[in-house]
Amino acid sequence: MQMFPRRYSLEEAATRQTPLDELSAQAPSSNIVSLSAKRAKLYKKTVGDLCRSILRRPDLTLAVQQLGQSMNNPTEKSEEQLVHVLRYLKGILGHNISLQPPRRWL
């Protein structure tokens, strides 16, 4: 997963605590700007890579699902949300999720 931050030049960027930002639930603004063809291709490639990684990181499922909704016409807002997810990934590199039943079930 270390390839994601490099792709968007986030080596020095601050990390995030959650995969979704609080602004993603707000209504879309009226001044929607589509990405250039080069940036849209990079967006689609990165979201596609994230889709394959949700099997190992179930905490990303909702965020990646929301990012995938704008695959046909990515906007600057969707790219901003993607960068938020990548900054979250940067902060959790090396952390593992343990999916085990509680001890009382054993």
Side-chain angles (χ1 to χ4, degrees):
M1 277 197 217
Q2 290 181 331
M3 67 179 159
F4 294 128
R6 273 192 232 120
R7 198 177 281 168
Y8 274 92
S9 302
L10 299 174
E11 289 87 6
E12 301 298 322
T15 60
R16 296 290 182 238
Q17 296 295 317
T18 60
L20 292 174
D21 63 347
E22 62 278 355
L23 300 177
S24 64
Q26 293 182 354
S29 63
S30 58
N31 55 355
I32 297 174
V33 179
S34 294
L35 296 178
S36 66
K38 183 177 180 180
R39 285 173 59 193
K41 183 178 180 180
L42 178 61
Y43 176 89
K44 292 174 184 180
K45 170 83 172 113
T46 305
V47 173
D49 290 342
L50 284 172
C51 285
R52 287 187 290 280
S53 69
I54 62 173
L55 293 174
R56 290 178 278 143
R57 300 295 316 192
D59 54 332
L60 297 175
T61 304
L62 181 61
V64 172
Q65 182 263 338
Q66 287 185 353
L67 292 172
Q69 289 179 353
S70 59
M71 288 284 276
N72 286 334
N73 187 22
T75 63
E76 287 185 353
K77 177 65 178 167
S78 56
E79 185 179 48
E80 192 176 297
Q81 291 171 343
L82 174 62
V83 169
H84 183 92
V85 171
L86 295 177
R87 290 171 84 177
Y88 169 74
L89 277 175
K90 179 184 175 196
I92 62 166
L93 287 176
H95 294 127
N96 294 320
I97 294 179
S98 178
L99 301 175
Q100 297 178 353
R103 287 194 184 275
R104 60 189 164 105
W105 291 358
L106 296 175

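- With sequence neighbours left out, Asn72 forms a side chain to side chain donor-acceptor pair (under 3.5 Å) with no residue at all.
- Scanning all heavy atoms of the two residues, the minimum distance from Met71 to Lys44 falls at O-CE, 2.8 Å.
- Checking Val85, Val83, Leu86, Leu67 one by one against Thr46, the side chain to side chain contact (heavy atoms under 4.5 Å, CB included) holds for a single residue, Leu86.
- Tyr43 contributes no side-chain N or O that, together with a main-chain N or O of Glu76, makes up a donor-acceptor pair within less than 3.5 Å.
- Taking each heavy atom of Ala40 and Leu35 in turn, the nearest pair found is N-CB, 4.0 Å.
- For Thr61, the side chain to side chain donor-acceptor pair (under 3.5 Å) test picks out no residue, with sequence neighbours left out.
- Note that CD of Glu79 and CG of Leu82 are 7.0 Å apart. Values are rounded to the nearest 0.5 Å.
- Here the OG atom belonging to Ser70 is positioned 11.0 Å from the NZ atom belonging to Lys77, to the nearest 0.5 angstrom.
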